Amino acid sequence: MAPIRPKTDSRGLRSVIRFLSDTPRVPPPEGFVDRVMVRLREDSAPRKTAAMEGGCLGPLRQLGSVEAIDAQDCAFCFFSASIWYLLLGIWYGLQGFGTQAEAAFGSWVQLQPFFFSVSAMILIGLGVLILTDGGGSLTAVRSGILLFLVLGIGNGLFGHLAIGGGMTSLLGVSEFLIGSICIGVFLNTMVTLHQRQAAMADR
Amino acid sequence: MDQNLESQVIREVQNGDRERFALLVRKYSGPIYHLAYRMTGSAEEADDLAQEAFILAFRAMGTFDARKRFFPWLYTIALNAIRTRLKGKGKNPFVKESKGEDDSFPDTGAGDPEMQLIVLEEQVRVQATLRRVPVRLREAVVLRYFQDLSFQDISIVLNISVAATKQRVYRGLRKMKEIMDGTD
């Protein structure tokens with residue numbers, strides 16, 4: 001990078017600065033404020049309708065228009081996902097998949113309470129990290145999501161191989177695979193939205 | 001509108017009073033429109049981009065910390081919208097050279113037609129030069145000399161250090177000088 005040398009050619013640059021300074025200000029066209037406000041009203045109204053008419057899809061439709069979320073909202077997503085995994089872990093830990101499933105799926109099934117519990121712990125940890133360290137630790141959070149995804153995909157693939165490797169086993173474990181990927185992608189999106197908010201808040 | 005009133009208006013907007021946002025639009029419409037105009041060189045596009053910047057800012061108002069200054073935040077949003085537009089339209093400042101005919105210019109405000117023509121010619125010249133300056137340098141020059149922002153404020157808007165800001169402004173001016181001298 002070239003060093004700053006304001007004095008060496010200051011005369012030449014001064015003419016450029018004068019050239020810029022002499023340029024008149026360009027005012028916004030008449031009615032600009034009104035047009036913005038009309039667009040704002042139009043912008044807000046359909047979103048409310050979509051949320052009301054969309055039923056369970058309403059919040060998802062609205063998600064597309066969200067620009068940024070704060071740490072609490074971001075952490076809430078992690079805690080919600082962790083509760084889901086925690087409940088699954090407790091449920092399968094206490095009840096199991098059933099004798100038939102255990103006979104069919106073998107040792108992989110017995111690992112599932114452990115997998116669910118570890119996933120829940122990772123997500124809780126990441127949620128706490130977001131809450132306590134604001135936007136500074138988002139790279140660590142992304143690494144955590146990656147770990148969660150690797151664990152989820154690894155668990156699915158291990159299940160696929162443990163069960164027998166055929167199309168049936170792939171279908172059997174697909175819900176675990178797809179579930180992990182969807183949750184991982186969703187949480188990563190939430191982190192991106194929070195990162196945007198953190199960047200804005202720093203200004 | 002002083003700083004206290006502005007903070008109050010921001011809080012009201014954050015609490016759901018959408019109509020109060022008009023006060024912020026009124027206060028910042030001039031600088032934001034001017035920024036968009038200098039960056040794009042088209043009055044029509046500047047109008048659309050400035051509107052878009054305010055709408056994006058409104059949508060993100062919930063995330064704005066009312067204790068902080070509003071205008072660097074707004075400028076950042078506006079610049080992001082402008083960059084996205086310039087990138088999306090593939091406007092390469094190195095390639096496209098303004099000839100004036102295809103540009104739309106806003107009302108200059110000068111009543112005398114002869115004066116209006118002179119002002120218009122000057123604007124064509126400024127825009128033709130600016131358009132050939134790379135976007136990163138152009139935005140630094142525009143913020144410094146058209147928006148009269150301090151280096152400190154520009155560094156906040158561009159999210160770079162003050163030293164890097166000075167460097168960009170200097171390089172932008174150098175580039176403009178080369179273009180005007182015909183050495184570029």
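Chain naming here is simple, since letters A, B, ... match the order of the sequence lines and numbering starts at 1 in each. All values reported here derive from a predicted model rather than from experimental measurement.
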- prompt: What residue among A:Ile124, A:Leu129, A:Ile145 forms side-chain contact (heavy atoms from CB on, under 4.5 Å) with A:Phe78?
  reply: A:Ile145

message: Quick check for you: among B:Phe54, B:Phe21, B:Phe146, which has the greatest number of heavy-atom pairs under 4.5 Å with chain A?
response: B:Phe146

message: Given heavy-atom pairs under 4.5 angstrom as the criterion, report whether the side chain, backbone, both or neither of B:Val141 touches chain A.
response: side chain

query: At a heavy-atom separation under 4.5 Å, does B:Asp48 approach chain A through its side chain, its backbone, both, or neither?
result: both

message: Donor-acceptor pair, distance only, cut-off 3.5 Å: does the side chain of B:Arg138 make one with the backbone of B:Met39?
response: yes

task: Check the angle between the aromatic planes of B:Phe64 and B:Trp73 and answer parallel, tilted or perpendicular using the 30° and 60° thresholds.
output: tilted

query: Considering only heavy atoms from C-beta outward, does the side chain of B:Gln147 approach that of B:Arg38 to under 4.5 Å?
result: no

